[in-house]
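In what follows, chains carry the letters A, B, and so on, assigned in the order in which the sequence lines appear, proteins first and then strands, with residues in each chain numbered from 1. Hydrogens, waters and symmetry mates play no part in the numbers below; they use all other heavy atoms, side chains included.
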Amino acid sequence: MLPADLLDRLLPDTAPTQQWEEANPPRDLPAGAEVTRFAPSPTGFLHIGGVYTAMVAKELAERSGGSYFVRIEDTDQARAIEGSDEHFARAFPHFGIDPTEGPDAPWGPYRQSERSEIYRSFVRALLESGHAYPDFVTKDELAAITERQQAAKVDLGYWGEWAVWRDAEPERVTAALDEGLPFTIRFRAPDAPGRIAFDDAIRGRIEADDNRNDVVLLKSSAEPLPLPTYHLAHAVDDHLMRVTLVLRGDEWISSVPLHLQLFDALGFEPVRYAHVAPLMKGEGKSRRKLSKRKDPEASVDFWMAEGYPVGAVRHYLRGLANSRLADLPFEEAAAEPLRLEEFGASGPLVDIPKLDDISADYVAQMPATDIRDRLLAWADEHDPELAGLLRATGDDLLAIIDVDRVDTDRVRKDIVKWSVFRERYGFFFPELFALVDDPADERFLGVPPEVVAAFTTDFVAGYDPDTASPGWFDQVRGLAERHGFALDRKAYKADPDAFHGTMREASNIVRVTLTGSGQSPSLDQIAGVLGADEVRRRVGAPAG
RNA sequence: GCCCCCAUCGUCCAGCGGCCUAGGACGCCUGCCUUUCACGCAGGUAACACGGGUUCGAAUCCCGUUGGGGGUGCCA
């Protein structure tokens with residue numbers, strides 16, 4: 001161990017750790033209450049996998065009567081990206097993963113770059129107890145060591161005799177300091193490493209080799225603000241913030257042996273871990289972790305821009321976590337607790353078609369007023385033109401949304417996400433609708449242009465807007481018969497050449513002229529909303 | 001190289017030694033319903049990675065192989 005005056009030169013003016021222990025008292029919580037946290041790095045944008053883990057963390061805390069907070073892990077100043085804070089500020093409330101605690105709670109600050117004083121205290125303690133030492137090795141020397149280790153086919157890393165500063169004499173340290181050489185503080189890994197076992201809340205018992213690397217605890221003293229590495233910050237923060245359950249990605253499993261050593265060296269009670277399998281992306285036959293670079297759906301921006309209702313996303317994600325919940329009705333599933341033991345140990349693939357299906361179901365059971373509110377909120381952000389039109393429509397918007405949704409047990413499921421509203425329901429707004437005036441348009445499914453023209457001319461001439469629903473279609477039926485369409489499939493199948501098609505093609509002429517699409521809500525209801533004049537104008541367009 | 005994790009239909013899972021000729025959901029295909037598209041309903045398609053054990057009996061337990069993922073950083 002280095003003498004105290006040398007330690008003072010290494011880390012001057014450090015407060016005793018006792019001070020931090022006292023300032024961060026255990027919370028007064030009921031037995032069994034979990035304290036969890038979400039610890040994102042401000043490097044670019046929030047990953048949907050982060051939302052997934054955070055949702056679980058928050059839910060477990062809330063269900064157990066505990067506490068959940070967000071801690072920004074910005075110890076890598078070089079990788080921090082401008083704008084991350086703003087992005088987080090939008091995304092957290094959107095997905096309901098904003099903290100239930102902080103920023104003024106006693107366990108803060110919740111940003112690691114503001115906690116350097118705290119880390120220094122604990123590093124000093126580690127130095128004093130001989131669990132850490134200063135290391136003046138340069139990058140070049142490190143590279144040379146790695147090279148020799150590769151040649152010698154031994155484990156890579158700073159360990160044993162490769163750790164050249166591990167047992168440096170005080171005189172040598174003093175000399176290096178006198179020279180003004182920058183240094184890091186490294187952990188002194190316990191001697192005689194063996195095997196270790198620990199229990200993961202998701203995976204059960206895991207065995208691994210003990211860590212024997214002298215990992216860096218405190219980054220270079222040449223930095224303006226020497227910050228800790230993840231490992232030290234994790235131990236200190238999760239201890240001081242009195243976290244009871246650490247939820248994190250399974251890429252951390254191999255660091256647990258080190259973390260346990262750190263907790264021990266620091267004299268902390270170890271935390272419970274739950275390592276969550278990452279969300280995956282299918283690629284051909286294989287799969288890989290969802291990547292922010294390659295996969296748009298990895299970023300929460302995608303989910304927000306597409307306009308998936310958060311309730312649907314939540315249901316989908318919770319179903320991935322605990323498949324027991326996947327097939328339950330929304331409310332029932334939401335009422336059921338998430339259980340760590342039921343998490344899958346392998347990473348699930350994010351399946352957009354499945355999400356779409358869930359989302360369509362979710363929207364279908366929303367009241368029209370809710371759909372309107374969410375849609376408006378989405379459009380304000382992502383489609384201002386549409387937002388303006390929706391607002392101008394007033395209460396008629398509710399009628400539009402409810403077409404084919406009320407007084408029926410077969411609810412339409414056209415809206416899978418807010419971004420499809422424009423293409424599915426845009427025809428209700430004259431500003432978004434383009435007349436279909438070419439009788440040869442391919443959307444008429446191959447019906448001869450002259451037939452389309454004659455049919456639509458006839459339709460306009462005799463259009464009766466007052467007919468109620470059952471009768472409204474009689475007009476189409478009558479028209480179909482007169483213009484050479486088969487009224488039932490059997491007749492058509494018996495002699496396809498004798499007809500221009502069936503009622504399907506005939507109705508399609510009306511549908512396409514009215515909506516521009518082959519898929520739309522019930523024609524009679526649309527006609528009712530649009531009004532007789534507009535119906536005549538649209539259907540008559542290809543008549544010439 | 002070494003260490004760790006994982007492995008059931010195309011996808012998400014269920015299955016935790018006999019109830020499995022492997023079940024559900026999404027997708028896909030076919031019919032039905034609808035005087036129209038969609039919705040809905042009914043049916044169909046399709047999997048225990050491979051090889052050894054253990055056991056009266058294995059998708060389920062053990063070992064190995066293969067494959068995939070991760071770690072081995074002054075990135076988290």
* To do: Rounded to the nearest angstrom, tell me the gap between atom OH in A:Y316 and atom P in B:A25.
  => 17 Å

* For the base of B:C37, is there a side-chain donor-acceptor partner from A:R412 under 3.5 Å away? -> yes

* Asked: In whole angstrom, what separates A:N322's CG from B:G15's P?
  -> 11 Å

* B:G53 and B:A58: how far apart are their P atoms, nearest whole angstrom? -> 12 Å

* Residue mapping more 5' on RNA chain B - nearest nucleotide basis, A:R205 or A:E342 -> A:R205

* Roughly, in whole Å, what's the span from CG in A:D356 to P in B:U11? -> 18 Å

* Asked: Given the C1' atoms of B:A49 and B:U60, what is the spacing between them in whole Å?
  -> 16 Å

* B:C2: pairing nucleotide in any strand, Watson-Crick or G-U under 3.5 angstrom -> B:G71

* Hey, is A:R115 close enough to A:E117 for a salt bridge, meaning N to O under 4.0 Å? -> no

* **Under-4.0 Å salt bridge between A:D200 and A:R205** => no

* If you measure from the P atom in B:C61 to the same atom in B:C3, how many Å do you get, rounded? -> 23 Å

* To do: Report yes or no: is there a donor-acceptor pair, N or O only, under 3.5 Å between the side chain of A:R504 and the base of B:C37?
  => no

* Taking the side chain from A:S507 and the backbone from A:M503, do they hold a donor-acceptor pair closer than 3.5 Å? -> yes

* So which nucleotide from B:A7, B:C26, B:A25 ends up closest to the side chain of A:S346? -> B:A7

* To do: Indicate for each nucleotide in nucleotides 70-76 of chain B, in 5' to 3' sequence, whether protein heavy atoms under 4.0 Å reach the base (B), only the sugar-phosphate (S), or nothing (-).
  => SSSSBBB

* So which nucleotide does B:C12 pair with, by the Watson-Crick or G-U wobble rule with both distances under 3.5 Å? -> B:G24

* A:N213 side chain vs A:V215 backbone, donor-acceptor pair below 3.5 Å -> no

* Asked: Using a cut-off of 4.0 Å on non-hydrogen atoms, how would the nucleic acid contact of A:R203 be classed: base, sugar-phosphate, or nothing?
  -> sugar-phosphate

* Asked: Would you call the rings of A:W252 and A:H231 parallel, tilted or perpendicular if under 30° counts as parallel and over 60° as perpendicular?
  -> perpendicular

* Asked: Rounded to the nearest Å, what distance is computed from the CZ atom of residue A:F421 to the C1' atom of nucleotide B:A38?
  -> 16 Å

* Asked: Which base sits across from B:C48 as a Watson-Crick or G-U pair, both distances under 3.5 Å?
  -> none

* To do: Scan A:N508 against the nucleic acid and name what it touches under 4.0 Å (heavy atoms): base, sugar-phosphate only, or nothing.
  => nothing

* Side chain of A:I206 - closest among B:A38, B:C26, B:C5 -> B:C5

* Separation between the C1' atoms of B:G18 and B:C2, rounded to whole Å -> 42 Å

* Charged N-O contact under 4.0 Å between A:R272 and A:D199 -> no

* Is a side-chain N or O of A:S323 found less than 3.5 angstrom from the main chain of A:A326, in a donor-acceptor match? -> no

* Nucleotide nearest A:K413 (side chain, heavy atoms from C-beta), chosen from B:C39, B:G27, B:U11 -> B:C39

* **Gap in Å between the two P atoms, one belonging to B:C62 and one to B:C6, rounded** => 11 Å

* Asked: Within the structure shown, what part of the strands sits under 4.0 Å from A:A345 by heavy-atom distance: base, sugar-phosphate, or nothing?
  -> sugar-phosphate

* Atom-pair distance (CG on A:D404; P on B:C33), nearest Å -> 20 Å

* Asked: Just by modelled atom types, is the A:D351 backbone N or O under 3.5 Å from a matching donor or acceptor in the A:Y316 side chain?
  -> yes

* How far, in whole Å, is B:G15 from B:C48 if one measures between their C1' atoms? -> 10 Å

* To do: Report yes if a side-chain nitrogen or oxygen of A:R195 is closer than 4.0 Å to either non-bridging phosphate oxygen (OP1 or OP2) of B:C4; otherwise report no.
  => yes

* Check the distance between B:A14's P and A:E341's CD and give it to me in whole angstrom. => 13 Å

* Across all strands shown, which nucleotide pairs with B:G40 by Watson-Crick or G-U wobble geometry, both distances under 3.5 Å? -> B:C32

* Asked: How far does the C1' atom of B:C9 sit from the matching atom of B:A47, given to the nearest Å?
  -> 4 Å

* Would A:D357 and A:K417 satisfy salt bridge (Lys or Arg N to Asp or Glu O under 4.0 Å), going step by step from the backbone distance to the final call? -> CA-CA 10 Å; A:D357 178 72; A:K417 51 192 174 187; over 6 Å; no

* **Whole-Å distance separating the CG atom of A:L349 from the C1' atom of B:G68** => 12 Å

* B:A7: pairing nucleotide in any strand, Watson-Crick or G-U under 3.5 angstrom -> B:U66

* Return the nucleotide paired to B:C56: Watson-Crick means purine N1 to pyrimidine N3 with N6-O4 or O6-N4, wobble means G-U with N1-O2 and O6-N3, both under 3.5 Å. => B:G18

* **Spacing of A:Q150 atom CD relative to B:G1 atom P, expressed in whole Å** => 13 Å

* To do: Under the salt bridge (Lys or Arg N to Asp or Glu O under 4.0 Å) rule, collect the residues that match up with A:E251, sequence neighbours excluded.
  => A:K289

* B:A46 and B:U30: how far apart are their C1' atoms, nearest whole angstrom? -> 16 Å

